[in-house]
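So the structure is just underneath, and the comments pick up after that.
Below, all heavy atoms of this structure are taken into account, side chains as well, without hydrogens, waters or symmetry copies. Both ligands and their constituent atoms are indexed starting at 1 by order of listing.
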Amino acid sequence: MRIGHGFDVHRLTEGRPLILGGVTIPHPKGLDGHSDADVLLHAVADALLGAVGGGDIGAHFPDTDPAYKDMDSLLLLEQVYELVREKGYQLVNIDGTILAQKPKMAPYIDEMRSNIARVLKNPLSGVNVKATTTEKLGFTGREEGIAAHAVILLENRAEADGGAKHV
Ligand SMILES: Nc1ccn([C@@H]2O[C@H](COP(=O)(O)O)[C@@H](O)[C@H]2O)c(=O)n1
Ligand SMILES: C[C@@]1(CO)OP(=O)(O)OP(=O)(O)OC[C@H]1O
């Protein structure tokens, strides 16, 4: 078993779509970044890399490389998971938290979970996503940005083949 944690922040700005967990959410502002700035998927990808001692997404997808400009972070996550599987691990479960004062994430959470579960080839039951305001405190509370945390657990693929699969 291996555990990993990821954390990311992106600034809210006008003129960009708000994309979280691969879902485009109607909002007057979106997240600024080199890629699509999907802060939740970046936290998940960093948690996966952390669990296998694989560094972070900035090392794998440099923000100086035009190839990653406006990149769909679902593709980034898919590539990170390939690396995880090559190292002999597979996902057990994910728990992610979005820190956003607005907009209300609840209507979009199930679609985010489905997107992540599909890309990581995992049952939906192994992917939890939740959201919290920060009670108008700090940069998230002032709606200057959105942050996300993710914690993930991996299991060794060879060991999992000999045991019961998590559902
Ligand atoms: N951007 C957000 C923030 C929160 N939620 C949901 O509302 C609940 C209450 O939020 P608190 O910050 O007051 O704890 C929270 O548990 C979420 O279910 C949301 O949908 N979108
Ligand atoms: C995702 C990458 C891709 O170039 O760019 P950003 O969207 O700026 O996101 P960040 O969370 O700063 O991580 C760095 C990069 O890997």
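Remark: the backbone N or O of A51 is not paired with any side-chain donor or acceptor of Y89 at under 3.5 angstrom. One N or O on the side chain of R16 and one on the backbone of L31 form a donor-acceptor pair closer than 3.5 Å. Side-chain atoms of T134 do not come within 3.5 Å of backbone N or O of K136 as any donor-acceptor pair.
Ligand-side atoms of ligand 2 in range of H10: 6 (P), 7 (O), 8 (O), 9 (O), 10 (P), 11 (O), 12 (O), range being under 4.0 angstrom from any heavy atom. Interface of F61 with ligand 2, defined as ligand atoms under 4.0 Å from a residue heavy atom, comprises 2 (C), 3 (C), 4 (O), 15 (C), 16 (O).
In this structure, the side chain to side chain donor-acceptor pair (under 3.5 Å) partners of R118, at least two apart in sequence or on a different chain, are N115.
The N/O atoms of I57, backbone and side chain alike, include one that comes under 3.5 Å of an N/O atom in ligand 2. The distance criterion of under 3.5 Å between nitrogen or oxygen atoms is not met by L76 with respect to ligand 2. Taking only nitrogen or oxygen atoms, main chain and side chain alike, Y68 does not reach within less than 3.5 Å of ligand 2. Geometrically, ligand 2 and H42 share a nitrogen or oxygen pair separated by less than 3.5 Å.
The closest approach between any non-hydrogen atom of M71 and ligand 2 is not below 4.0 Å.
For ligand 1, the 4.0 Å heavy-atom shell contains residues A100, P103, K104, M105, A106, A131, T132, T133, E135.
For H34 and Y68, the ring centers sit 6.0 Å or farther from each other.
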